[in-house]
There are 2 protein chains.
Amino acid sequence: MPRDVPDIVIGRLPLYLRALKRMEQDGIEITSSHELGRHLGISSAQIRKDLSHFGEFGKQGTGYNISYLREQIARILQVDRGWKVIVVGTGNLGRALAQYRGFQPRGYHITALFDNDPEIVGQRIGDFEVFPPEKIADVVRGEDIKIAMIAVPASEAQGVTDQLVEAGVCAILNYAPINLAVPEHVHVQYIDPVIHLQHMTYYLR
Amino acid sequence: MPRDVPDIVIGRLPLYLRALKRMEQDGIEITSSHELGRHLGISSAQIRKDLSHFGEFGKQGTGYNISYLREQIARILQVDRGWKVIVVGTGNLGRALAQYRGFQPRGYHITALFDNDPEIVGQRIGDFEVFPPEKIADVVRGEDIKIAMIAVPASEAQGVTDQLVEAGVCAILNYAPINLAVPEHVHVQYIDPVIHLQHMTYYLR
DNA sequence: TAGATTGTTAATCGATTAACAATC
DNA sequence: TAGATTGTTAATCGATTAACAATC
(Lines give C-alpha, C1' and ligand atoms only; values in the text may rest on other atoms or scores of the structure.)
Protein backbone atom coordinates (compact mmCIF):
# COMPACT_ATOMS: atom_id res chain seq x y z
CA MET A 1 0.00 0.00 0.00
CA PRO A 2 1.49 3.37 -0.99
CA ARG A 3 2.58 5.71 1.74
CA ASP A 4 1.85 9.40 1.88
CA VAL A 5 -1.09 9.74 -0.44
CA PRO A 6 -2.45 13.30 0.10
CA ASP A 7 -5.33 13.40 2.56
CA ILE A 8 -7.42 15.35 0.08
CA VAL A 9 -7.22 12.35 -2.27
CA ILE A 10 -8.25 9.95 0.50
CA GLY A 11 -11.20 12.23 1.17
CA ARG A 12 -12.47 11.81 -2.40
CA LEU A 13 -12.31 8.01 -2.45
CA PRO A 14 -15.55 7.63 -0.44
CA LEU A 15 -17.30 9.84 -3.00
CA TYR A 16 -16.04 7.67 -5.84
CA LEU A 17 -17.18 4.62 -3.94
CA ARG A 18 -20.66 6.03 -3.39
CA ALA A 19 -21.05 6.96 -7.05
CA LEU A 20 -19.81 3.54 -8.21
CA LYS A 21 -22.26 1.75 -5.93
CA ARG A 22 -25.07 3.83 -7.34
CA MET A 23 -24.08 3.05 -10.92
CA GLU A 24 -23.86 -0.61 -10.03
CA GLN A 25 -27.37 -0.51 -8.59
CA ASP A 26 -28.52 1.13 -11.80
CA GLY A 27 -27.22 -1.90 -13.66
CA ILE A 28 -24.28 -0.20 -15.39
CA GLU A 29 -21.16 -2.37 -15.69
CA ILE A 30 -18.54 -0.14 -17.29
CA THR A 31 -17.75 3.54 -16.82
CA SER A 32 -15.02 6.01 -17.75
CA SER A 33 -13.22 8.72 -15.83
CA HIS A 34 -15.25 11.24 -17.87
CA GLU A 35 -18.61 9.74 -16.95
CA LEU A 36 -17.69 9.33 -13.29
CA GLY A 37 -16.41 12.90 -13.24
CA ARG A 38 -19.66 14.17 -14.69
CA HIS A 39 -21.61 12.42 -11.92
CA LEU A 40 -19.41 13.95 -9.23
CA GLY A 41 -18.78 17.36 -10.74
CA ILE A 42 -15.01 16.89 -10.91
CA SER A 43 -12.57 16.53 -13.80
CA SER A 44 -11.71 13.21 -15.40
CA ALA A 45 -8.02 14.01 -15.03
CA GLN A 46 -8.41 14.33 -11.28
CA ILE A 47 -10.08 10.94 -11.02
CA ARG A 48 -7.36 9.24 -13.06
CA LYS A 49 -4.65 11.01 -11.06
CA ASP A 50 -6.23 10.08 -7.75
CA LEU A 51 -6.54 6.42 -8.68
CA SER A 52 -2.99 6.32 -10.01
CA HIS A 53 -1.73 6.69 -6.44
CA PHE A 54 -2.92 3.16 -5.77
CA GLY A 55 -2.45 1.23 -8.99
CA GLU A 56 -3.94 0.69 -12.43
CA PHE A 57 -7.60 -0.19 -12.39
CA GLY A 58 -8.80 0.61 -15.91
CA LYS A 59 -8.30 -0.52 -19.47
CA GLN A 60 -7.26 1.84 -22.28
CA GLY A 61 -10.01 2.44 -24.77
CA THR A 62 -12.64 0.91 -22.50
CA GLY A 63 -12.66 2.49 -19.08
CA TYR A 64 -13.31 0.90 -15.70
CA ASN A 65 -15.23 -2.20 -14.70
CA ILE A 66 -17.49 -0.71 -12.06
CA SER A 67 -17.74 -3.61 -9.66
CA TYR A 68 -13.99 -4.25 -9.86
CA LEU A 69 -13.14 -0.61 -9.19
CA ARG A 70 -15.69 -0.51 -6.37
CA GLU A 71 -14.05 -3.54 -4.76
CA GLN A 72 -10.60 -2.04 -5.09
CA ILE A 73 -11.55 1.30 -3.55
CA ALA A 74 -13.37 -0.50 -0.74
CA ARG A 75 -10.21 -2.48 -0.09
CA ILE A 76 -8.03 0.64 -0.11
CA LEU A 77 -10.34 2.38 2.36
CA GLN A 78 -10.59 -0.83 4.42
CA VAL A 79 -14.35 -0.77 4.18
CA ASP A 80 -14.40 -4.28 2.73
CA ARG A 81 -15.05 -5.48 6.27
CA GLY A 82 -17.18 -4.45 9.23
CA TRP A 83 -16.28 -1.89 11.89
CA LYS A 84 -17.84 -1.55 15.32
CA VAL A 85 -18.81 1.95 16.40
CA ILE A 86 -20.00 3.44 19.67
CA VAL A 87 -22.16 6.52 20.17
CA VAL A 88 -21.69 8.84 23.15
CA GLY A 89 -24.70 11.02 23.92
CA THR A 90 -28.32 10.01 23.53
CA GLY A 91 -30.12 13.28 22.92
CA ASN A 92 -32.14 13.75 19.74
CA LEU A 93 -29.04 13.44 17.64
CA GLY A 94 -27.58 10.41 19.40
CA ARG A 95 -30.93 8.64 19.12
CA ALA A 96 -31.20 9.48 15.43
CA LEU A 97 -27.70 8.10 14.88
CA ALA A 98 -28.52 4.94 16.83
CA GLN A 99 -31.54 4.35 14.62
CA TYR A 100 -30.09 5.50 11.30
CA ARG A 101 -30.47 2.72 8.74
CA GLY A 102 -27.55 3.87 6.61
CA PHE A 103 -24.67 2.64 8.78
CA GLN A 104 -25.26 -1.11 8.80
CA PRO A 105 -25.34 -1.70 5.03
CA ARG A 106 -22.13 0.29 4.61
CA GLY A 107 -20.29 -1.74 7.23
CA TYR A 108 -20.49 0.38 10.36
CA HIS A 109 -22.13 -1.47 13.22
CA ILE A 110 -23.26 0.47 16.22
CA THR A 111 -22.31 -1.60 19.23
CA ALA A 112 -23.12 0.48 22.30
CA LEU A 113 -24.59 3.79 23.46
CA PHE A 114 -23.39 5.91 26.37
CA ASP A 115 -24.97 8.73 28.34
CA ASN A 116 -24.15 10.40 31.64
CA ASP A 117 -27.79 10.97 32.64
CA PRO A 118 -28.70 8.39 35.32
CA GLU A 119 -32.33 8.61 34.17
CA ILE A 120 -31.33 7.32 30.76
CA VAL A 121 -28.62 4.82 31.68
CA GLY A 122 -30.04 1.31 31.60
CA GLN A 123 -32.88 2.22 29.24
CA ARG A 124 -33.04 0.69 25.79
CA ILE A 125 -32.87 2.86 22.67
CA GLY A 126 -33.61 0.93 19.53
CA ASP A 127 -31.64 -2.28 19.88
CA PHE A 128 -29.17 -0.97 22.44
CA GLU A 129 -28.87 -0.62 26.15
CA VAL A 130 -27.48 2.73 27.33
CA PHE A 131 -24.32 2.51 29.46
CA PRO A 132 -22.80 5.07 31.79
CA PRO A 133 -19.54 6.82 30.76
CA GLU A 134 -17.55 4.79 33.27
CA LYS A 135 -18.15 1.75 31.09
CA ILE A 136 -16.52 3.31 28.00
CA ALA A 137 -13.07 1.90 28.67
CA ASP A 138 -14.41 -1.61 29.32
CA VAL A 139 -16.49 -1.72 26.17
CA VAL A 140 -13.85 -0.15 23.93
CA ARG A 141 -11.22 -2.61 25.13
CA GLY A 142 -13.53 -5.61 25.35
CA GLU A 143 -15.03 -5.17 21.90
CA ASP A 144 -11.86 -3.74 20.31
CA ILE A 145 -13.63 -0.53 19.27
CA LYS A 146 -11.65 1.89 17.10
CA ILE A 147 -14.38 4.34 16.08
CA ALA A 148 -16.71 6.57 18.12
CA MET A 149 -19.31 9.20 17.36
CA ILE A 150 -19.73 12.09 19.79
CA ALA A 151 -23.20 13.58 20.19
CA VAL A 152 -22.94 15.37 23.52
CA PRO A 153 -23.12 19.12 24.27
CA ALA A 154 -20.03 21.15 23.35
CA SER A 155 -19.18 21.62 27.02
CA GLU A 156 -18.73 17.88 27.50
CA ALA A 157 -17.12 16.96 24.20
CA GLN A 158 -13.47 17.41 25.16
CA GLY A 159 -13.89 15.36 28.34
CA VAL A 160 -15.58 12.56 26.45
CA THR A 161 -12.85 12.72 23.82
CA ASP A 162 -10.13 12.32 26.43
CA GLN A 163 -11.88 9.25 27.82
CA LEU A 164 -12.31 7.74 24.38
CA VAL A 165 -8.68 8.33 23.41
CA GLU A 166 -7.47 6.96 26.73
CA ALA A 167 -9.50 3.81 26.09
CA GLY A 168 -7.97 3.31 22.66
CA VAL A 169 -10.38 4.91 20.19
CA CYS A 170 -8.46 6.39 17.25
CA ALA A 171 -11.21 7.73 14.96
CA ILE A 172 -13.84 10.18 16.17
CA LEU A 173 -16.78 11.64 14.32
CA ASN A 174 -17.63 14.72 16.35
CA TYR A 175 -21.08 16.31 16.14
CA ALA A 176 -20.44 18.76 18.98
CA PRO A 177 -19.79 22.29 17.71
CA ILE A 178 -16.27 22.56 19.07
CA ASN A 179 -12.73 21.79 17.97
CA LEU A 180 -11.21 18.83 19.77
CA ALA A 181 -7.63 18.50 20.94
CA VAL A 182 -6.31 14.97 20.31
CA PRO A 183 -2.95 13.21 20.05
CA GLU A 184 -1.29 12.81 16.63
CA HIS A 185 -2.46 9.26 16.07
CA VAL A 186 -6.15 10.05 16.56
CA HIS A 187 -8.27 11.13 13.58
CA VAL A 188 -11.21 13.48 13.97
CA GLN A 189 -13.89 14.49 11.49
CA TYR A 190 -16.42 17.20 12.22
CA ILE A 191 -20.10 17.52 11.40
CA ASP A 192 -21.78 20.78 12.36
CA PRO A 193 -24.74 21.63 10.13
CA VAL A 194 -24.66 25.28 11.16
CA ILE A 195 -21.13 25.61 9.76
CA HIS A 196 -22.44 24.46 6.37
CA LEU A 197 -25.46 26.75 6.56
CA GLN A 198 -23.25 29.74 7.38
CA HIS A 199 -20.93 28.90 4.50
CA MET A 200 -23.85 29.00 2.05
CA THR A 201 -25.46 32.04 3.65
CA TYR A 202 -22.46 34.11 2.52
CA TYR A 203 -23.57 33.64 -1.08
CA LEU A 204 -27.20 34.64 -0.50
CA ARG A 205 -26.74 38.21 -1.69
CA MET B 1 -17.95 43.85 -0.22
CA PRO B 2 -15.02 42.25 -2.08
CA ARG B 3 -15.79 40.06 -5.04
CA ASP B 4 -14.18 36.73 -5.72
CA VAL B 5 -12.88 35.72 -2.33
CA PRO B 6 -11.84 32.03 -2.64
CA ASP B 7 -14.57 29.66 -1.49
CA ILE B 8 -12.09 27.87 0.74
CA VAL B 9 -11.64 31.13 2.67
CA ILE B 10 -15.41 31.57 3.02
CA GLY B 11 -15.56 28.04 4.36
CA ARG B 12 -13.20 28.90 7.20
CA LEU B 13 -15.05 32.01 8.37
CA PRO B 14 -17.73 29.98 10.20
CA LEU B 15 -14.97 28.18 12.10
CA TYR B 16 -13.43 31.49 13.12
CA LEU B 17 -16.86 32.68 14.18
CA ARG B 18 -17.47 29.61 16.30
CA ALA B 19 -14.10 29.89 18.03
CA LEU B 20 -14.59 33.60 18.70
CA LYS B 21 -18.02 33.02 20.25
CA ARG B 22 -16.52 30.39 22.49
CA MET B 23 -13.72 32.72 23.62
CA GLU B 24 -16.30 35.42 24.24
CA GLN B 25 -18.33 33.07 26.42
CA ASP B 26 -15.15 32.26 28.30
CA GLY B 27 -14.85 35.95 29.11
CA ILE B 28 -11.80 36.67 26.96
CA GLU B 29 -11.86 40.08 25.27
CA ILE B 30 -8.72 40.22 23.13
CA THR B 31 -7.01 37.56 21.06
CA SER B 32 -4.27 37.30 18.44
CA SER B 33 -3.98 35.42 15.17
CA HIS B 34 -1.55 33.09 16.94
CA GLU B 35 -3.95 32.24 19.76
CA LEU B 36 -6.91 31.82 17.42
CA GLY B 37 -4.80 29.64 15.17
CA ARG B 38 -3.79 27.45 18.06
CA HIS B 39 -7.44 26.90 18.95
CA LEU B 40 -8.30 25.93 15.39
CA GLY B 41 -5.16 24.05 14.43
CA ILE B 42 -4.28 26.42 11.60
CA SER B 43 -1.46 28.92 11.09
CA SER B 44 -1.64 32.51 12.25
CA ALA B 45 -0.56 33.64 8.78
CA GLN B 46 -3.58 31.96 7.23
CA ILE B 47 -5.97 33.69 9.59
CA ARG B 48 -4.46 37.10 8.90
CA LYS B 49 -4.48 36.43 5.15
CA ASP B 50 -8.09 35.24 5.21
CA LEU B 51 -9.27 38.30 7.11
CA SER B 52 -7.30 40.64 4.86
CA HIS B 53 -9.72 39.80 2.03
CA PHE B 54 -12.39 41.75 3.86
CA GLY B 55 -10.61 44.60 5.62
CA GLU B 56 -8.47 45.40 8.64
CA PHE B 57 -9.90 44.21 11.91
CA GLY B 58 -6.92 44.15 14.26
CA LYS B 59 -4.46 46.46 15.90
CA GLN B 60 -0.69 46.08 15.59
CA GLY B 61 0.96 45.02 18.80
CA THR B 62 -2.37 44.15 20.42
CA GLY B 63 -4.39 41.74 18.30
CA TYR B 64 -8.13 41.54 17.76
CA ASN B 65 -11.04 42.67 19.90
CA ILE B 66 -13.01 39.45 20.01
CA SER B 67 -16.53 40.83 20.05
CA TYR B 68 -15.72 43.31 17.29
CA LEU B 69 -14.17 40.64 15.08
CA ARG B 70 -17.09 38.32 15.81
CA GLU B 71 -19.54 41.01 14.72
CA GLN B 72 -17.60 41.72 11.54
CA ILE B 73 -17.39 38.07 10.49
CA ALA B 74 -21.09 37.62 11.26
CA ARG B 75 -21.82 40.59 9.02
CA ILE B 76 -19.62 39.24 6.22
CA LEU B 77 -21.35 35.86 6.37
CA GLN B 78 -24.75 37.58 6.67
CA VAL B 79 -25.49 35.68 9.83
CA ASP B 80 -26.14 38.94 11.73
CA ARG B 81 -29.82 38.36 11.01
CA GLY B 82 -32.27 35.47 11.01
CA TRP B 83 -32.89 33.00 8.18
CA LYS B 84 -35.93 30.80 7.74
CA VAL B 85 -35.25 27.18 6.86
CA ILE B 86 -37.50 24.30 5.82
CA VAL B 87 -36.87 20.59 6.31
CA VAL B 88 -38.01 18.00 3.78
CA GLY B 89 -38.32 14.47 5.14
CA THR B 90 -39.45 13.54 8.65
CA GLY B 91 -37.73 10.24 9.30
CA ASN B 92 -35.41 9.90 12.27
CA LEU B 93 -33.03 12.44 10.83
CA GLY B 94 -35.67 15.00 9.82
CA ARG B 95 -37.20 14.76 13.29
CA ALA B 96 -33.83 15.20 14.95
CA LEU B 97 -33.16 18.27 12.79
CA ALA B 98 -36.61 19.69 13.63
CA GLN B 99 -35.87 19.35 17.32
CA TYR B 100 -32.19 20.29 17.29
CA ARG B 101 -31.63 23.14 19.72
CA GLY B 102 -28.54 24.45 17.97
CA PHE B 103 -30.21 26.18 15.00
CA GLN B 104 -32.30 28.83 16.73
CA PRO B 105 -29.53 30.51 18.76
CA ARG B 106 -27.33 30.73 15.68
CA GLY B 107 -30.05 32.40 13.60
CA TYR B 108 -31.55 29.56 11.58
CA HIS B 109 -35.29 29.24 12.20
CA ILE B 110 -37.04 26.11 11.08
CA THR B 111 -40.30 27.25 9.59
CA ALA B 112 -41.96 24.16 8.11
CA LEU B 113 -41.59 20.41 7.66
CA PHE B 114 -42.59 18.38 4.62
CA ASP B 115 -43.17 14.67 4.05
CA ASN B 116 -44.79 12.67 1.29
CA ASP B 117 -46.27 10.03 3.60
CA PRO B 118 -50.05 10.71 3.95
CA GLU B 119 -49.90 9.07 7.38
CA ILE B 120 -47.50 11.74 8.60
CA VAL B 121 -48.85 14.79 6.78
CA GLY B 122 -50.98 16.86 9.15
CA GLN B 123 -49.29 15.48 12.27
CA ARG B 124 -47.28 17.75 14.52
CA ILE B 125 -43.57 17.16 15.13
CA GLY B 126 -42.17 19.36 17.84
CA ASP B 127 -43.60 22.79 17.14
CA PHE B 128 -44.39 22.17 13.49
CA GLU B 129 -47.19 20.81 11.38
CA VAL B 130 -46.07 18.49 8.58
CA PHE B 131 -47.11 19.57 5.07
CA PRO B 132 -47.31 17.53 1.86
CA PRO B 133 -44.72 18.17 -0.88
CA GLU B 134 -47.29 19.97 -3.03
CA LYS B 135 -47.22 22.78 -0.50
CA ILE B 136 -43.46 23.40 -0.90
CA ALA B 137 -43.84 26.06 -3.58
CA ASP B 138 -46.53 27.94 -1.62
CA VAL B 139 -44.54 28.01 1.61
CA VAL B 140 -41.21 28.87 -0.03
CA ARG B 141 -42.78 31.76 -1.92
CA GLY B 142 -45.10 32.88 0.85
CA GLU B 143 -42.44 32.91 3.55
CA ASP B 144 -39.58 33.92 1.23
CA ILE B 145 -37.53 30.84 2.11
CA LYS B 146 -34.02 30.65 0.68
CA ILE B 147 -32.62 27.67 2.58
CA ALA B 148 -33.75 24.03 2.78
CA MET B 149 -32.45 20.87 4.41
CA ILE B 150 -33.08 17.56 2.66
CA ALA B 151 -33.54 14.46 4.82
CA VAL B 152 -35.30 12.07 2.43
CA PRO B 153 -34.03 8.77 0.98
CA ALA B 154 -31.42 9.04 -1.79
CA SER B 155 -33.96 7.90 -4.36
CA GLU B 156 -36.16 10.92 -3.73
CA ALA B 157 -33.51 13.57 -3.17
CA GLN B 158 -33.12 14.77 -6.76
CA GLY B 159 -36.87 15.12 -7.22
CA VAL B 160 -37.20 17.10 -4.01
CA THR B 161 -34.25 19.25 -5.08
CA ASP B 162 -35.89 20.07 -8.39
CA GLN B 163 -39.06 21.16 -6.59
CA LEU B 164 -37.13 23.29 -4.12
CA VAL B 165 -35.09 24.99 -6.82
CA GLU B 166 -38.18 25.59 -8.93
CA ALA B 167 -39.82 27.24 -5.91
CA GLY B 168 -36.87 29.58 -5.40
CA VAL B 169 -34.64 27.89 -2.79
CA CYS B 170 -30.99 28.68 -3.48
CA ALA B 171 -29.15 26.99 -0.61
CA ILE B 172 -29.56 23.29 0.16
CA LEU B 173 -28.06 21.25 2.96
CA ASN B 174 -28.35 17.70 1.68
CA TYR B 175 -28.28 14.74 4.07
CA ALA B 176 -29.18 12.19 1.39
CA PRO B 177 -26.15 10.15 0.28
CA ILE B 178 -26.23 11.28 -3.34
CA ASN B 179 -24.79 14.07 -5.46
CA LEU B 180 -27.38 16.60 -6.54
CA ALA B 181 -27.57 18.31 -9.92
CA VAL B 182 -28.54 21.97 -9.52
CA PRO B 183 -28.34 25.18 -11.58
CA GLU B 184 -25.33 27.50 -11.22
CA HIS B 185 -26.99 29.90 -8.81
CA VAL B 186 -27.94 27.20 -6.27
CA HIS B 187 -25.50 26.26 -3.51
CA VAL B 188 -25.38 22.76 -2.05
CA GLN B 189 -23.54 21.42 0.94
CA TYR B 190 -23.41 17.74 1.79
CA ILE B 191 -23.52 15.87 5.08
CA ASP B 192 -23.08 12.11 4.93
CA PRO B 193 -21.60 10.66 8.11
CA VAL B 194 -20.53 7.47 6.34
CA ILE B 195 -18.31 9.48 4.00
CA HIS B 196 -16.47 10.85 7.05
CA LEU B 197 -16.23 7.42 8.66
CA GLN B 198 -14.80 5.91 5.48
CA HIS B 199 -12.27 8.72 5.23
CA MET B 200 -10.99 7.96 8.71
CA THR B 201 -11.14 4.20 8.26
CA TYR B 202 -8.37 4.48 5.66
CA TYR B 203 -5.97 5.47 8.40
CA LEU B 204 -6.87 2.61 10.78
CA ARG B 205 -3.96 0.42 9.76
C1' DT C 1 10.96 53.16 24.38
C1' DA C 2 10.84 47.98 23.79
C1' DG C 3 7.94 44.34 22.69
C1' DA C 4 4.34 42.51 20.21
C1' DT C 5 1.34 41.82 16.45
C1' DT C 6 -0.86 43.23 12.33
C1' DG C 7 -1.45 43.43 7.16
C1' DT C 8 0.89 42.43 3.04
C1' DT C 9 4.34 40.93 -0.24
C1' DA C 10 7.09 37.45 -2.10
C1' DA C 11 8.48 32.66 -1.91
C1' DT C 12 7.17 28.13 -1.42
C1' DC C 13 4.47 24.40 -1.66
C1' DG C 14 0.97 21.41 -3.35
C1' DA C 15 -3.01 20.40 -6.11
C1' DT C 16 -5.32 20.53 -10.51
C1' DT C 17 -5.38 20.46 -15.34
C1' DA C 18 -3.73 19.78 -20.03
C1' DA C 19 -1.69 16.98 -23.13
C1' DC C 20 -0.23 12.81 -25.13
C1' DA C 21 2.09 8.28 -25.82
C1' DA C 22 0.59 3.75 -25.00
C1' DT C 23 -2.71 0.48 -25.96
C1' DC C 24 -7.13 -1.89 -25.69
C1' DT D 1 -7.97 -0.81 -38.29
C1' DA D 2 -10.05 3.51 -36.21
C1' DG D 3 -11.73 5.32 -32.11
C1' DA D 4 -11.57 5.73 -27.37
C1' DT D 5 -9.61 5.97 -22.94
C1' DT D 6 -6.09 5.08 -19.68
C1' DG D 7 -1.92 6.34 -16.83
C1' DT D 8 1.57 9.71 -16.46
C1' DT D 9 4.38 13.75 -17.23
C1' DA D 10 4.83 18.53 -17.45
C1' DA D 11 2.59 22.98 -17.09
C1' DT D 12 -0.49 25.73 -14.74
C1' DC D 13 -2.90 27.37 -11.20
C1' DG D 14 -3.98 28.50 -6.53
C1' DA D 15 -3.29 28.18 -1.65
C1' DT D 16 -0.22 28.34 2.27
C1' DT D 17 3.66 30.00 4.59
C1' DA D 18 7.58 32.93 5.68
C1' DA D 19 9.20 37.23 6.39
C1' DC D 20 9.10 41.94 7.54
C1' DA D 21 7.94 46.95 7.46
C1' DA D 22 4.56 49.49 9.78
C1' DT D 23 2.76 50.72 14.02
C1' DC D 24 0.20 50.22 18.28
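So that the names make sense, note that chain A is the first sequence line, chain B the second, and so on, each numbered from 1.
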Legend entry - Minimum-distance nucleotide (side-chain atoms of Glu56(B) versus dT5(C), dA15(C), dG7(C)): dG7(C)

Inset, instruction - Tell me what Ser44(B) touches on the nucleic acid: a base, only sugar-phosphate, or nothing, going by heavy atoms under 4.0 Å. - result: nothing

Inset, instruction - Report yes if a side-chain nitrogen or oxygen of Ser33(B) is closer than 4.0 Å to either non-bridging phosphate oxygen (OP1 or OP2) of dT6(C); otherwise report no. - result: yes

Legend entry - dT23(C) - base-pair partner by Watson-Crick or wobble geometry, distances under 3.5 Å: dA4(D)

Legend entry - 5' priority, DNA chain D, between Thr62(A) and Lys49(A) [closest heavy atom]: Thr62(A)

Inset, instruction - Nearest whole angstrom, please: distance from the P of dT6(D) to the CD of Glu35(A). - result: 10 Å

Inset, instruction - Give a yes/no answer on whether the side chain of Tyr64(B) brings an N or O atom under 4.0 Å of OP1 or OP2 in dG7(C). - result: yes

Legend entry - Identity of whatever pairs with dA15(C) - Watson-Crick or G-U, under 3.5 angstrom: dT12(D)

Legend entry - Rounded distance in Å - OH (Tyr68(B)) to C1' (dT6(C)): 14 Å

Legend entry - Phe54(B) CZ to dT8(C) P, straight-line distance once rounded to whole Å: 13 Å

Legend entry - Aromatic plane relationship, Phe54(A) with Tyr202(B) - under 30° parallel, 30 to 60° tilted, over 60° perpendicular: perpendicular

Inset, instruction - With DNA chain C as reference, determine whether Gly61(A) or Ile8(A) sits nearer its 5' end, using the nearest nucleotide of each. - result: Ile8(A)

Legend entry - Distance in angstrom units between Phe57(A) CZ and dT8(D) C1', rounded: 15 Å

Legend entry - Interatomic distance where CZ belongs to Arg48(B) and C1' belongs to dT17(D) [whole Å]: 10 Å

Legend entry - Pair Arg75(B) + Asp80(B), salt bridge at N-O below 4.0 Å: no

Legend entry - Salt bridge flag under 4.0 Å for residues Arg48(A) and Asp50(A): no

Inset, instruction - Verify, without hydrogens or angle tests, whether Glu29(A) (side chain) and Asn65(A) (backbone) share a donor-acceptor contact under 3.5 angstrom. - result: no

Inset, instruction - Could you tell me the separation between the NZ atom of Lys59(B) and the C1' atom of dA4(C), rounded to a whole number of Å? - result: 14 Å

Legend entry - For atom NE2 of His34(A) and atom C1' of dT6(D), their distance in whole Å: 10 Å

Legend entry - Pair Asp115(A) + Arg95(A): basic N to acidic O under 4.0 Å: no

Legend entry - Among dT6(C), dT17(C), dT17(D), the nucleotide that comes nearest once only the side chain of Gln46(B) is considered: dT17(D)

Inset, instruction - To the nearest Å, give me how far apart CD (Gln60(A)) and C1' (dA21(C)) are. - result: 10 Å

